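Since the structure comes first, as structure tokens, the remarks are kept for the end.
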Amino acid sequence: MEQHLSQYKIFYAVAKAGNISKAAKELFISQPAISKSISKLEENLGVSLFTRNSRGVQLTVEGQVLFSHVSNAFDTLGRGENELKRIKNFNIGQIKIGVSNTLCKYILLPYLKGFIDEYPHVKIMIDSQDTARTISMLEQQKLDIGLIAEPKTRRSLSFMPVMRIEDTFVCTKSYLDNLKIREGEDVNIFSAGTVLLLDRNNMTRTHIDAYFAEHNIEIKQVLEATTMDLLIEFAKTGLGVGCVIREFVRGELADGSLIEIPLSSPVRSRTVGFAYNPAYATKTMNNFIRFCSSK
């Protein structure tokens with residue numbers, strides 16, 4: 001745009017008022033200043049924008065063409081300002097969160113319920129995916145925040161811990177009893193039983209495979225599942241010994257539908273939390289972080 005926005009604002013006001021005196025009062029500037037600005041605009045554009053008459057001014061054909069475009073521009077600006085006021089007054093905004101299905105169900109949803117109660121006009125978008133993908137999208141600024149297990153290297157990300165989780169092995173009592181009948185009381189569940197694990201695309205599986213390698217545990221029979229919920233249901237059905245997160249099966253352990261297999265060396269616990277890049281934090285995201293940190 002070659003001309004100054006202020007010149008178009010003055011042109012717009014004069015065209016709407018049809019009178020330089022009225023426009024001067026609306027804009028709180030002098031009539032000579034308005035006349036000078038219009039003349040400068042006409043000179044720069046190489047056309048006459050107004051004709052003068054006894055009642056004021058009237059747009060020329062060229063002025064009408066320009067006015068239609070300037071009107072659209074200022075209408076758009078006005079709508080933008082109103083939208084910003086609406087966002088400010090009603091705390092309207094949006095936040096895009098990356099999270100796995102498991103962490104979404106067991107950890108994120110309770111936070112979201114309370115946050116939406118406090119900020120009902122915020123638009124929430126969820127990208128359900130594995131942790132590696134969430135971290136990648138955070139680094140590419142395609143997500144506002146991610147709920148993940150704490151990564152070994154954070155790079156530019158900040159991390160706010162919310163929960164410690166522990167992986168454990170569970171099965172039904174009947175499955176373990178039958179396994180002992182077949183293999184003896186001292187049965188090695190990992191070599192004799194069917195072990196239920198998440199698939200290899202999952203960060204939890206990577207964590208468990210590292211545990212197996214560290215303790216020289218060799219698995220003979222593996223049944224893989226794509227989600228923790230499915231893994232828990234497999235274990236409850238009696239299909240094998242499931243590697244699950246203890247915090248997510250407290251109810252089943254309490255009512256006896258699942259029992260925990262004691263380990264000589266427990267699996268190292270992990271920290272789950274919200275990861276985000278503070279350099280690109282929006283007001284809505286800061287509100288979300290502040291809300292979650294207060295719980």
Side-chain angles (χ1 to χ4, degrees), residues 97-112 128-132 134-135 146-154 157 159-173 175-176 179 187-191 193-219 222-275 292-293 295:
I97 305 171
V99 61
S100 69
N101 289 334
T102 300
L103 297 185
C104 183
K105 175 180 178 180
Y106 292 100
I107 300 179
L108 179 61
L109 286 182
Y111 280 105
L112 285 182
S128 181
Q129 59 204 0
D130 60 67
T131 293
T134 292
I135 293 174
L147 180 61
I148 60 174
E150 185 174 10
K152 292 181 179 178
T153 56
R154 298 183 187 177
L157 300 177
F159 185 80
M160 186 186 79
V162 297
M163 184 179 184
R164 295 286 292 179
I165 58 173
E166 294 183 353
D167 300 277
T168 189
F169 292 87
V170 299
C171 64
T172 61
K173 184 177 183 303
Y175 179 84
L176 184 59
L179 194 61
V187 60
N188 184 321
I189 62 167
F190 296 117
S191 59
T194 299
V195 181
L196 313 174
L197 301 172
L198 290 172
D199 62 44
R200 293 186 184 275
N201 293 324
N202 196 287
M203 292 295 285
T204 293
R205 175 63 181 274
T206 302
H207 183 65
I208 295 304
D209 282 348
Y211 170 81
F212 289 153
E214 179 183 354
H215 296 279
N216 299 312
I217 296 173
E218 185 178 352
I219 306 299
V222 174
L223 177 59
E224 293 185 341
T226 55
T227 68
M228 181 66 65
D229 278 349
L230 194 55
L231 204 60
I232 293 170
E233 290 304 314
F234 282 177
K236 289 166 63 176
T237 303
L239 294 181
V241 177
C243 179
V244 301
I245 294 173
R246 179 183 288 113
E247 287 72 18
F248 301 161
V249 291
R250 290 195 184 280
E252 289 82 355
L253 293 175
D255 65 23
S257 55
L258 289 174
I259 60 173
E260 192 169 3
I261 305 298
L263 300 173
S264 56
S265 299
V267 182
R268 178 172 48 86
S269 64
R270 295 175 287 161
T271 301
V272 173
F274 291 106
C292 294
S293 64
K295 300 305 174 183

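Owing to the predicted nature of the structure, the values given are computational and were not obtained by experimental measurement.
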Next on the checklist: Could you go through Asp229 and Thr227, starting from their C-alpha distance and side-chain angles, then the distance that decides it, and tell me whether this counts as side chain to side chain donor-acceptor pair (under 3.5 Å)?
Outcome noted: CA-CA 5 Å; Asp229 278 349; Thr227 68; 5.7 Å; no
Checklist entry - Given side chains that start at C-beta, do those of Asn202 and Asp130 come closer than 4.5 Å, heavy atoms only? => result no
Item to check | Whether His207 side chain and Arg268 backbone form a donor-acceptor pair below 3.5 Å | outcome: yes
Next on the checklist: Between Val249 and Glu260, is there a side-chain heavy-atom distance shorter than 4.5 Å?
Outcome noted: no
Next on the checklist: Keeping Arg205 on the side-chain end and Leu198 on the backbone end, is there a donor-acceptor pair under 3.5 Å?
Outcome noted: yes
Item to check | For Phe234 against Ala225, the heavy-atom pair lying closest together | outcome: CE1-CB, 3.9 Å
Item to check | No-hydrogen, no-angle side-chain donor-acceptor test under 3.5 Å, Thr134 and Gln129 | outcome: yes
Checklist entry - For the atom pair CZ (Arg246) and OG1 (Thr168), what is the distance rounded to the nearest 0.5 Å? => result 4.5 Å
Checklist entry - Hey, are the side chains of Tyr211 and Asp167 touching, using non-hydrogen atoms and a 4.5 Å cut-off? => result no
Next on the checklist: Parallel, tilted or perpendicular, judged at 30° and 60°: which one describes the rings of Phe248 and Tyr106?
Outcome noted: parallel
Checklist entry - Among Ile259, Leu231, Ile261, Leu253, whose side-chain contact (heavy atoms from CB on, under 4.5 Å) with Val170 holds? => result Leu253
Checklist outcome for this item: Heavy atoms of Thr172 and Ala235 approach each other most closely as CG2-O, 3.3 Å
Checklist entry - Got a second to check how far Ile97's CD1 is from Ser128's OG, nearest 0.5 Å? => result 12.0 Å
Item to check | Nearest-0.5 Å distance, CD1 of residue Ile219 to CD1 of residue Ile189 | outcome: 8.0 Å
Next on the checklist: Give me the atom names and distance for the closest heavy-atom approach of Ala275 to Leu157.
Outcome noted: CB-CD1, 4.4 Å
Checklist entry - Looking at Tyr175 and Thr194, what are the two nearest heavy atoms and their distance? => result OH-N, 2.9 Å
Checklist outcome for this item: On a heavy-atom basis, the closest approach of Ile135 and Pro151 is CD1-CB, 4.0 Å
Next on the checklist: Assess the residue pair Phe159 and Thr271 against the criterion (side-chain contact (heavy atoms from CB on, under 4.5 Å)); give the C-alpha distance rounded to whole Å, side-chain angles, the decisive distance to 0.1 Å, and a yes or no.
Outcome noted: CA-CA 10 Å; Phe159 185 80; Thr271 301; 3.9 Å; yes
Item to check | Close side-chain approach of Leu258 to Lys236, heavy-atom, < 4.5 Å | outcome: yes
Checklist outcome for this item: Residues Lys105 and Pro110: closest non-hydrogen pair is O-CD, 4.2 Å
Checklist outcome for this item: OG of Ser293 to CZ of Phe274, rounded to nearest 0.5 Å, is 10.0 Å
Checklist entry - Out of curiosity, Met160 CE to Leu147 CG, how far, rounded to the nearest 0.5 Å? => result 9.0 Å
Item to check | Separation of Glu252 CD from Ile232 CD1 (nearest 0.5 Å) | outcome: 6.0 Å
Item to check | Under 3.5 Å donor-acceptor, Glu166 side chain and Val267 backbone | outcome: no
